[in-house]
Number of protein chains: 2
Amino acid sequence: MAKGHVRLADVAKAAGVSQGTASNVFGRPEVVREEVRERVLATARELGYAGPDMKGRLLRAGRVNAIGVASVEPLAYFFEDPWARALMTKIAAVCDATGTGIALVSAQNQQKLAWNINSALVDGFILLCVEGGERLVELTRRRQLPFIALALGGADTSIPVIGIDNLAGAAMAARHLADLGHRRFAVLAIDQFGDPVGATAPGQAARSLKSTSRDRLLGYRQALEEFGIEPASVPVHGTRNDRSSVDAALDALFAMPAPPTAILAMSDRIALFAMQWLAARGFKVPGDVSVIGFDDVPEAATASPGLTTIAQPLDEIARRAVSAILGGALPDAQETLDVTLVSRGSTAPPRS
Amino acid sequence: MAKGHVRLADVAKAAGVSQGTASNVFGRPEVVREEVRERVLATARELGYAGPDMKGRLLRAGRVNAIGVASVEPLAYFFEDPWARALMTKIAAVCDATGTGIALVSAQNQQKLAWNINSALVDGFILLCVEGGERLVELTRRRQLPFIALALGGADTSIPVIGIDNLAGAAMAARHLADLGHRRFAVLAIDQFGDPVGATAPGQAARSLKSTSRDRLLGYRQALEEFGIEPASVPVHGTRNDRSSVDAALDALFAMPAPPTAILAMSDRIALFAMQWLAARGFKVPGDVSVIGFDDVPEAATASPGLTTIAQPLDEIARRAVSAILGGALPDAQETLDVTLVSRGSTAPPRS
DNA sequence: TCTCCATATTGAATCGATTCAACGATTGGG
DNA sequence: CCCAATCGTTGAATCGATTCAATATGGAGA
């Protein structure tokens with residue numbers, strides 16, 4: 001007690017019972033006689049015992065009851081990026097329901113990342129935005145805890161992944177617009193990892209580092225070809241998923257002689273920036289230009305007009321990811337979930 | 001090793017060194033001879049040892065290197081509410097810099113809350129939105145870890161709190177509008193905890209449960225009185241900080257014979273909803289109606305027009321809160337930080 | 001050759017709890 | 001009145017690492 005810190009053993013001794021009994025008083029009250037229980041609790045209160053310390057308990061139990069969500073982006077990413085937020089909201093809901101804690105893991109530099117991954121007190125990891133983050137996967141694997149990657153499209157099939165069918169989703173988006181009658185398209189791509197921002201040569205884009213981007217682009221092209229539209233005739237502009245690069249892309253696009261009537265954006269974030277750019281320039285959406293996004297983040301529904309987009313089954317993704325970690329039942333291979341088209345106000349037939 | 005789990009002790013035995021040395025190989029490599037170090041590392045690799053397990057390490061070390069952020073709201077709150085997000089972003093940045101982890105703590109019901117608070121593996125807690133959450137404070141205090149409450153205005157001075165000067169901030173907001181020439185005001189209040197939503201009698205509002213709301217209201221009134229405006233003449237509408245209740249309040253306000261020319265919103269969220277309502281009804285902001293918010297969330301800057309608001313020093317709040325927990329140097333009493341007026345496009349002199 | 005010192009390694013204690021086989025006390029039945 | 005079953009309690013082992021006083025080793029200086 002001189003330690004300033006009261007341990008279970010102190011309480012046990014003071015109450016004149018064994019440590020085992022004291023432990024039972026807190027962990028399995030029903031097994032100890034009421035009289036003794038009362039006495040121990042009274043002693044505990046008297047001594048100012050704060051209850052069993054998790055550090056000891058967990059060492060014994062082996063499980064922490066928390067999952068780590070890791071990303072190569074800075075920690076703030078979890079609270080700023082719409083997709084990450086939407087996903088975290090769902091994950092949070094699942095965790096809430098199962099009484100599981102969430103620990104956020106990230107780092108500014110590679111060295112700290114390693115340390116943070118290794119020192120996180122969790123039962124497993126969910127990895128976000130893992131493209132180009134081979135190192136994150138590698139570090140996590142070394143930790144030898146269950147983990148599952150989200151939105152990874154890498155070739156390494158030894159990594160458990162829950163992904164979505166980017167190709168089919170993108171095709172769905174393009175087909176939707178082509179069905180409406182559009183023939184002049186432009187693609188606003190996501191390219192975060194060093195690919196040149198700006199107009200991209202057809203061949204180059206297909207070699208994009210990020211398989212998410214690549215698949216979506218392939219999907220767009222595949223669907224457009226069904227309508228006889230040459231891939232080479234569809235300009236693809238890389239963006240950094242931020243306002244300035246989207247603005248730059250649109251500046252270039254609408255300086256062309258025959259600007260597009262339909263914009264295929266690889267993320268809702270890009271699509272929303274694009275809609276703002278268009279509104280500021282006096283273009284009507286969907287009257288002059290139709291815009292379709294990807295992800296279906298909450299903002300897509302509240303924007304005006306509402307953004308037509310491809311919805312990811314975030315609920316399902318979150319549920320599967322969390323239960324995979326908690327249940328230890330990692331999917332054998334890569335799981336791919338289906339996406340759906342959500343039609344809102346941002347798409348319509350082109351001005352005839 | 002039959003356990004399927006390799007421990008440090010196993011590695012030590014296999015490498016033919018003492019456990020102490022093996023521990024040093026990982027924790028303080030410089031202290032062990034290179035030759036031995038190599039051998040131990042090789043053995044570790046061979047056995048598939050994943051590195052020192054945090055559970056053991058932390059038991060010994062006593063500190064977890066993570067802080068818990070707790071709230072009575074559901075977990076999703078951290079990712080949805082603009083103020084919470086803005087704050088979390090700052091906290092995340094501070095934690096990033098110091099290599100500290102973040103654990104989110106919340107719960108659907110009181111019972112789970114207790115369990116989650118008690119079982120969170122953290123060195124201390126930051127409590128969010130603690131008004132009305134006496135139970136959260138009580139639970140946290142029982143845990144006997146350092147904690148600090150944010151945005152609490154309760155009377156209990158034994159609770160360490162970092163707060164802001166709501167009264168001065170509100171006064172600043174009202175004075176700003178009055179200086180511009182406005183004389184017809186309305187207040188959109190935050191009242192989440194059971195206070196009647198809708199028009200509020202003057203006396204009743206002052207008795208609001210939430211001291212944040214109360215102080216802001218007091219501040220508004222105090223400043224307006226300096227300009228000879230009767231508190232009783234300023235309608236106060238409670239809202240639930242969501243769109244529908246804000247819409248309802250505005251419906252009522254603008255059905256009055258002489259609607260306000262200036263709106264004092266107790267949060268940016270409310271203010272932004274109000275601006276959307278006004279835009280939808282054809283009112284020009286700031287031409288017809290001026291709007292001022294409170295908090296200065298990121299959205300305030302990107303809205304159009306930009307929202308004039310009272311900025312909380314979130315950086316400072318986050319920095320102090322985190323270092324208070326980590327350094328164990330809790331402020332003696334309640335700390336109150338100053339706020340500043342950020343003038344953007346949503347306020348202007350009234351139409352003459 | 002012997003002493004002294006610096007450096008590397010060992011072994012045991014420790015952190016704070018849980019668990020479980022074994023033991024002691026009651027109670028009911030025969 | 002004895003035996004068995006029941007229930008509560010004990011004591012020691014365990015979880016996986018870190019730490020530190022004590023010891024072993026090797027080299028330099030006298």
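Chain naming here is simple, since letters A, B, ... match the order of the sequence lines and numbering starts at 1 in each. Predicted, not measured: the structure shown is a model, and the values here were computed from it. Atom set for the values below is all heavy atoms of this structure, side chains included, hydrogens, waters and symmetry mates excluded.
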Student: For the backbone of B:I317 and the side chain of B:K90, can you confirm whether one donor and one acceptor N or O come within less than 3.5 Å of each other?
Tutor: no
Student: If you count the non-hydrogen atoms of other residues, nucleotides and ligands that lie under 6.0 Å from CD in B:E34, is the total more than 12?
Tutor: no
Student: Strictly below 4.0 Å, N to O, side chains only: are B:D10 and B:K13 in salt-bridge contact?
Tutor: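 So B:D10 does not pair with B:K13 through a salt bridge.
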Student: Whether B:E335 and B:R320 form a salt bridge (side-chain N of Lys/Arg under 4.0 Å from carboxylate O of Asp/Glu) is what I want to check.
Tutor: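 Answer for the salt bridge query: yes.
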Student: Quickly work out the B:R57 CZ to C:dG16 P distance and round it to whole Å.
Tutor: 18 Å
Student: Taking the axis from the first five pairs and the axis from the last five, what angle separates them in the helix from C:dT1-D:dA30 to C:dG30-D:dC1, rounded to 10 degrees?
Tutor: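 Axis-to-axis angle, ends of the helix: 50°.
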Student: Of all of residues 17-39 of chain A, which get a heavy atom below 4.0 angstrom from DNA chain C, listed by number?
Tutor: A:Q19, A:G20, A:S23
Student: Whole angstrom is fine here: how far is it from OH in A:Y49 over to C1' in C:dA17?
Tutor: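 Taking OH of A:Y49 and C1' of C:dA17, I get 7 Å after rounding.
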Student: Quick one: is A:R7 getting a side-chain N or O under 4.0 Å of the C:dG16 phosphate, OP1 or OP2?
Tutor: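 Looking at the OP1 and OP2 atoms of C:dG16, one of them is under 4.0 Å from a side-chain N or O of A:R7.
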Student: Between P on C:dG16 and CG on B:L58, what's the gap in Å once rounded to a whole number?
Tutor: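 Interatomic distance, CG of B:L58 to P of C:dG16: 11 Å.
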Student: Provide the full list of salt bridge (charged side-chain N to carboxylate O under 4.0 Å, His left out) pairs with a residue in residues 56-70 of chain B, sequence neighbours left out, each pair given once.
Tutor: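 Sorted pair list: B:R63-B:D123.
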Student: Is the closest basic N to carboxylate O distance between B:R135 and B:E138 below 4.0 Å?
Tutor: no
Student: Over how many whole Å does the gap from B:L121 atom CG to C:dG16 atom P extend?
Tutor: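 Answer to the nearest Å: 14 Å.
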Student: Any heavy-atom pair between the side chains of B:C95 and B:V322 that's under 4.5 Å?
Tutor: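 When only atoms from C-beta onward are counted, B:C95 and B:V322 do touch, with a gap below 4.5 Å.
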Student: Specify the separation, in whole Å, of atom CG of B:L59 and atom P of D:dG16.
Tutor: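 Interatomic distance, CG of B:L59 to P of D:dG16: 12 Å.
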Student: Can you tell me how far P of D:dG16 sits from CZ of A:R143, to the nearest Å?
Tutor: 14 Å
Student: C:dA17 C1' sits how many Å from A:R63 CZ, rounded?
Tutor: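 It works out to 18 Å between those atoms.
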Student: Measure the distance from NZ on A:K55 to C1' on D:dC15 and round it to the nearest whole Å.
Tutor: 16 Å
Student: Would you mind checking if A:R39 and A:E35 are paired as a salt bridge, meaning a charged N to carboxylate O distance below 4.0 Å?
Tutor: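 No, A:E35 and A:R39 are not salt-bridged.
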Student: Can you check whether A:V11's main-chain N or O pairs, donor with acceptor, with A:T43's side chain at less than 3.5 Å?
Tutor: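 Side chain of A:T43 to backbone of A:V11, a donor-acceptor pair under 3.5 Å: no, none is there.
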